[in-house]
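Everything numeric here is computed off the predicted structure, so don't read it as measured data. Numbers restart at 1 for each chain; the letters A, B, ... are given by sequence-line order, proteins then strands.
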2 protein chains.
Amino acid sequence: MVEPQPGLSATELAAYFAFTEVSALLRPAVEQQLRDAGSLSYVQFQLLARLGDDPTGSRSMTDLADGLVYSRSGLTYQAQLLDQRGLVTRSTSPQDERRVVVTITEAGRAVLATVFPGHIAVVRGLLFESLTTHEVDSLATVLGKVGDRLRAAPPRSASPRRRKAS
Amino acid sequence: MVEPQPGLSATELAAYFAFTEVSALLRPAVEQQLRDAGSLSYVQFQLLARLGDDPTGSRSMTDLADGLVYSRSGLTYQAQLLDQRGLVTRSTSPQDERRVVVTITEAGRAVLATVFPGHIAVVRGLLFESLTTHEVDSLATVLGKVGDRLRAAPPRSASPRRRKAS
DNA sequence: TATTGTTATACTCTATAACTATA
DNA sequence: TATAGTTATAGAGTATAACAATA
């Protein structure tokens, strides 16, 4: 455990701190907007958005869990809340009766539509307001590259399911 | 409420999604490392790091709160935990007896030292591994710019203290 | 036997409001 | 009266483990 690598370079440190800072300010602002405009938690918004993106408007629980970092029980909890509000329905899959298919409802799409403009306004105001087109470009390129790599070799936290202890 | 602005451009969307994705994967990985290596929550780490950075090793509660987004009670809670573990001491300021001065202890510095290499390793592995020097550069520049702006005009979530209702 | 999902439970964290004490 | 901080309390969210049901 003797540090095999030197510390981060000054530029890396600056990039890391800046990333952390932006993230720490952006996230709560977005969460507050989602709560104010649609009484949605961030996870709930992600779930709805993902379902809304899908042409069928449906996904299995496992599908939904795989993209996010959350545990299955956590996902069940959030899906229940959405279900109770009528923003989503849950039904057993005919093909595989173990699976639960979650489907966004009209009401769910309506909430999404209500929330979206404000969401975009917050992101624009906090993240993009002061950036040039070129800077946005480079941000997309660089972070896109990082994201690609993380998706290809996900950290433990995103592993689909923990295997048995022994 | 007729959307006053068009949506985000394709590039902006890409940048935002990438940012979100990286953030969503980096944060839990860092949190897990901090917990495993030093039984620290992210906030606790931030507090210790900030105190460790200070030449005096001390800050008032308000000082500490201002940089972070958390409420005062939340900060008291975390500071208590650090205090109980002996990583920090709290004492009344002589100049202003309303203030509580938080000071990092030797044990606190030791935990910080224990945790730091792994912390850096995680950040390097997830964030910087695949980036060129130039890309890190541009990341630091662009996000630094965003951070500067956010610090100058903070969102409500970071406002020092909510004023009375009326 | 492995996989999908839910439930029960415990725990961590955060925020609000009321309160004490000092400036 | 305003500011600094704590405490009491309540609520949201998450994870772990045990469980039931299907493949």
Side-chain angles (χ1 to χ4, degrees), chain A residues 24 27-28 31-32 34-36 39-47 58-66 68-85 88-102 156-166, chain B residues 24 27-28 31-32 34-36 39-47 58-66 68-85 88-102 156-166:
Chain A
R27 179 68 179 264
E31 286 187 344
Q32 183 180 327
L34 291 174
R35 207 165 290 285
D36 291 351
S39 301
L40 294 176
S41 72
Y42 191 69
V43 187
Q44 287 166 14
F45 173 68
Q46 286 182 302
L47 292 177
S58 300
R59 294 284 189 107
S60 76
M61 293 293 284
T62 301
D63 264 12
L64 291 170
D66 278 354
L68 306 175
V69 179
Y70 299 88
S71 65
R72 285 164 177 251
S73 64
L75 218 57
T76 296
Y77 173 73
Q78 296 291 348
Q80 268 176 348
L81 294 182
L82 290 175
D83 194 347
Q84 281 163 19
R85 284 179 59 188
V88 135
T89 60
R90 290 181 292 170
S91 58
T92 304
S93 161
Q95 285 95 10
D96 182 343
E97 299 207 346
R98 292 173 305 183
R99 288 186 119 86
V100 168
V101 176
V102 184
R156 325 147 195 32
S157 50
S159 60
R161 210 180 210 200
R162 195 156 290 175
R163 79 181 59 168
K164 269 193 213 164
S166 80
Chain B
R27 178 68 179 265
E31 287 188 342
Q32 182 180 327
L34 292 174
R35 208 164 289 284
D36 290 351
S39 300
L40 293 176
S41 73
Y42 192 69
V43 187
Q44 287 166 14
F45 173 69
Q46 285 182 302
L47 293 176
S58 300
R59 295 285 189 106
S60 76
M61 292 292 285
T62 300
D63 265 12
L64 290 171
D66 278 354
L68 306 176
V69 179
Y70 299 87
S71 65
R72 286 165 176 251
S73 64
L75 218 57
T76 296
Y77 171 73
Q78 296 290 349
Q80 269 176 346
L81 294 182
L82 290 176
D83 194 347
Q84 283 164 18
R85 285 179 59 189
V88 136
T89 60
R90 290 181 293 170
S91 58
T92 304
S93 161
Q95 285 97 8
D96 182 343
E97 299 207 347
R98 293 173 303 182
R99 287 186 121 84
V100 167
V101 176
V102 183
R156 323 143 197 39
S157 49
S159 59
R161 210 181 212 201
R162 197 156 289 176
R163 78 182 58 168
K164 271 192 211 165
S166 85

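- Distance A:Tyr42 OH to D:dT14 P: 12 Å, rounded to the nearest Å.
- For A:Met61 against A:Leu75, the heavy-atom pair with the smallest separation is O-CD2, 3.5 Å.
- At the phosphate of D:dT7, OP1 or OP2 sits under 4.0 Å from a side-chain N or O atom of B:Gln80.
- A donor N or O paired with an acceptor N or O is not found under 3.5 Å between the base of D:dA4 and the side-chain atoms of B:Thr62.
- For the pair B:Arg90 and A:Leu40, both in contact range of DNA chain D, the more 5′-proximal nearest nucleotide belongs to B:Arg90.
- Straight-line distance from the CD atom of A:Glu31 to the C1' atom of D:dT14: 14 Å, rounded to whole Å.
- Applying the 4.0 Å criterion to OP1 and OP2 of D:dA4, one finds that B:Arg99 has a side-chain N or O inside that range.
- Residue B:Val43 has its side chain nearest to C:dT14 when only C:dT14, D:dG13, D:dT16 are considered.
- Evaluation of atom-type donor-acceptor distances gives no pair under 3.5 Å for the side chain of A:Ser73 against the base of D:dT14.
- Taking all atoms of both residues into account, the shortest heavy-atom contact from A:Thr92 to A:Glu97 is CG2-O, 3.3 Å.
- C:dC13 atom P lies 13 Å from atom CG of B:Leu75, rounded to whole Å.
- Atom CG of A:Leu81 is separated from atom C1' of D:dT14 by 13 Å (rounded to the nearest Å).
- Residue A:Arg98 has no polar side-chain atom (N or O) positioned under 4.0 Å from OP1 or OP2 of C:dT6.
- One can place CG of B:Asp96 at 5 Å from P of C:dA23, the figure rounded to the nearest angstrom.
- Between B:Gly74 and B:Pro94, the residue whose closest nucleotide on DNA chain C is further toward the 5' end is B:Gly74.
- Between B:Arg35 and C:dC13 there is a side-chain N or O to OP1 or OP2 distance below 4.0 Å.
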Report the C-alpha distance between B:Arg90 and B:Val102 in whole Å, list the side-chain angles of each, state the deciding distance to 0.1 Å, and finish with yes or no for side chain to side chain contact (heavy atoms under 4.5 Å, CB included).
CA-CA 5 Å; B:Arg90 290 181 293 170; B:Val102 183; 4.0 Å; yes
When you look at A:Glu31 and A:Leu34, which way does the side chain to side chain contact (heavy atoms under 4.5 Å, CB included) test go after all the steps?
CA-CA 5 Å; A:Glu31 286 187 344; A:Leu34 291 174; 5.6 Å; no
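- Put simply, CD on A:Gln46 is 14 Å from C1' on D:dG13, counting in whole angstrom units.
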Test side chain to side chain contact (heavy atoms under 4.5 Å, CB included) on B:Gln44 and B:Arg85; report intermediate values, then the result.
CA-CA 11 Å; B:Gln44 287 166 14; B:Arg85 285 179 59 189; 4.3 Å; yes
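- For C:dT12, the OP1/OP2 oxygens have no side-chain nitrogen or oxygen of B:Gln78 closer than 4.0 Å.
- Distance B:Arg72 CZ to C:dC13 C1': 19 Å, rounded to the nearest Å.
- Between A:Gln44 and B:Thr76, the residue whose closest nucleotide on DNA chain D is further toward the 5' end is B:Thr76.
- Computed from coordinates, the B:Met61 CE to D:dT3 P distance equals 18 Å when rounded to whole Å.
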